[in-house]
Amino acid sequence: MEAATNIFSSSIYSWYEKHGRKDLPWRKNITPYSVWISEIMLQQTQVKTVIPFYERFMKKFPDLNAISDASEEEILALWTGLGFYRRAKNIFAAKEIVKKNFDNNFPSTFDELVSLPGIGKSTAGAILSIAYKKSFPILDANVKRVISRHDKVDVSEKKSDNKLWQLSDLYTPNKKIFEYTQGIMDVGATVCSIKKPTCIECPVSKTCKTAFEEIKVIRKSKKEKPQREIFFKLAHSNNKFLLFKKNSKSFWESLWVPYEDEGIKNDKIFKKPLKRNQQKFNHALSHLDLMITIEIFEYKKPFKISTNREHQWICRDEIKNYGLPKPIKHIIDNHV
DNA sequence: GACTCGTGGAA
DNA sequence: TTTCCAAGAGT
């Protein structure tokens with residue numbers, strides 16, 4: 001068993017040295033902080049999507065010192081369009097804890113890392129192995145796919161994650177941990193791809209229990225995604241936009257959106273506009289299909305409204321300093 | 001353990 | 001076109 005696991009891990013890290021994706025932006029100037037930011041951004045998000053967000057983020061906040069006094073709003077602003085906005089709020093909360101409890105030194109132990117909001121077992125493993133070169137396993141979607149195929153683990157079974165964590169732990173080597181961790185993710189992302197794995201190029205195909213097998217597509221039970229209608233009123237005047245900070249525990253929490261009609265009573269906080277028009281479109285979230293209606297009102301000048309919802313007239317040039325959902329940002333940029 | 005939480009790449 | 005799902009974590 002010992003020898004077999006050695007062959008697995010050494011095959012992976014040897015492969016990495018030849019074929020790894022070493023040009024990714026988070027694989028240059030590696031620090032615990034940079035690994036942390038990249039790992040959070042990469043949660044459930046494809047590499048290609050993350051790259052521009054990561055570069056923008058690191059340009060503004062290149063290190064822990066630079067981000068230590070940042071507001072949650074500044075961090076959310078850099079997250080606009082990336083999705084899963086809780087991650088940005090968690091980065092803010094985590095760096096506050098690092099400042100307060102760790103004297104602004106990034107933690108380097110597993111227990112300390114997983115105590116930070118947004119860092120779970122796999123992200124902690126990635127930070128420990130990539131930034132600190134400590135031998136810890138990860139289990140992201142790539143590793144899950146590589147190992148489940150290699151050892152023929154049925155991922156549709158309820159407790160398959162437990163077995164996969166055991167195997168990931170078993171294969172994780174003590175030496176070359178950096179190259180191994182990066183390597184197994186790269187194998188999963190490039191060679192052991194979802195639909196058409198190229199087993200001929202795989203470093204562990206000799207021991208893989210499903211190498212060169214046909215990938216059968218498993219149809220999951222298709223359950224209807226719930227639909228929800230939401231109605232916004234977007235007031236603007238002289239290139240300023242009246243936006244409200246969402247405080248619901250639902251989606252887009254803490255992001256800035258137009259006035260949301262609750263539909264209970266017909267709110268009359270908007271006076272008669274100079275012009276008005278309407279946009280209707282669908283927008284898919286991960287768990288909801290939104291049908292969005294935005295009424296757009298133009299006014300001669302900004303006006304005060306009476307509401308206890310947090311709100312602000314925000315200049316077009318200042319919008320970039322606020323966190324907005326993608327479709328709202330799009331409307332303001334392209335249709336007003 | 002099942003939901004919630006965004007957006008877009010890829011086929 | 002629709003469908004799947006991505007460097008997961010929190011509740």
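Quick caveat, the model's predicted, so the values are computed rather than measured. Below, chain A is the first sequence line, B the second, and so on; all start at residue 1.
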**Asked** So, R86(A) and E253(A), do they make that salt bridge, N to O below 4.0 Å?
**Response** no

In whole angstroms, the gap separating P of dT4(B) from CG of L288(A) amounts to 8 Å

Exercise for the section: Show your reasoning for whether side chain to side chain contact (heavy atoms under 4.5 Å, CB included) applies to K195(A) and I215(A). Expected result: CA-CA 7 Å; K195(A) 294 186 177 173; I215(A) 302 295; 5.9 Å; no

message: Assigning hydrophobic clusters by single linkage (Ile, Leu, Val, Met, Phe, Trp, Tyr; side-chain heavy-atom cutoff under 4.5 Å), is Y132(A) placed with F178(A)?
response: yes

In whole angstroms, the gap separating C1' of dA6(C) from CD1 of I40(A) amounts to 15 Å

From CD1 of I147(A) across to C1' of dA7(C) the rounded distance in Å is 14 Å

Exactly one candidate in F232(A), F231(A), F270(A) meets ring-ring contact (aromatic ring centres under 6.0 Å, His included) with Y259(A); the answer is F270(A)

Residues of residues 10-24 of chain A with a heavy atom under 4.0 Å from any atom of DNA chain C, listed by number, are R21(A), L24(A)

Given the C1' atoms of dG8(C) and dG1(B), what is the spacing between them in whole Å?
16 Å

**Item:** C1'-based separation of dC5(B) from dA6(C) [nearest Å]
**Value:** 14 Å

**Study point:** Six-ring centre of Y322(A), K329(A) cation under 6.0 angstrom, axis tolerance 45°
**Key:** no

note: K144(A), atom NZ; dG8(C), atom P; distance rounded to Å ~ 8 Å

Atom CD1 of I51(A) and atom C1' of dA7(C) are separated, to the nearest Å, by 12 Å

Notebook entry, point to check: Are E17(A) and K176(A) ion-paired here, with the side-chain N under 4.0 Å from a carboxylate O?
Noted result: yes

Does the distance from a Lys or Arg side-chain N to an Asp or Glu carboxylate O, for K121(A) and D161(A), drop under 4.0 Å?
no

message = dG1(B), OP1 or OP2 - any side-chain N/O from K159(A) closer than 4.0 Å?
response = no

_Electrostatic pair E73(A):K245(A) at N-O distance under 4.0 angstrom_ = yes

Practice prompt. Give the ring-plane orientation class for H236(A) versus F241(A), where under 30° counts as parallel, over 60° as perpendicular and anything between as tilted.
Written response: parallel

Contact string for nucleotides 6-11 of chain B, one letter per nucleotide 5' to 3', B = base within protein heavy-atom range under 4.0 Å, S = sugar-phosphate only, - = neither, reads BBSBS-

Need one value for A141(A): base, sugar-phosphate or nothing, where a base atom within 4.0 Å counts as base even if backbone is also close, heavy atoms only. sugar-phosphate

> Are any of the side-chain nitrogens in E260(A) or K246(A) under 4.0 Å away from the carboxylate oxygens of its partner?
Replying inline: yes

Under 4.0 Å: is that the gap between some side-chain N or O of T123(A) and OP1 or OP2 of dA9(C)? yes

To the nearest angstrom, the CG-P distance between N90(A) and dA9(C) comes to 11 Å

Checking all strands, does W26(A) fall into the base, sugar-phosphate, or nothing category for heavy-atom contacts under 4.0 angstrom? base

To the nearest angstrom, the CG-P distance between L116(A) and dA9(C) comes to 13 Å

Comparing I119(A) with N142(A), nearest DNA chain C nucleotide closer to 5' gives the residue N142(A)

Taken to the nearest whole Å, CD/E224(A) to C1'/dT3(C) is 13 Å

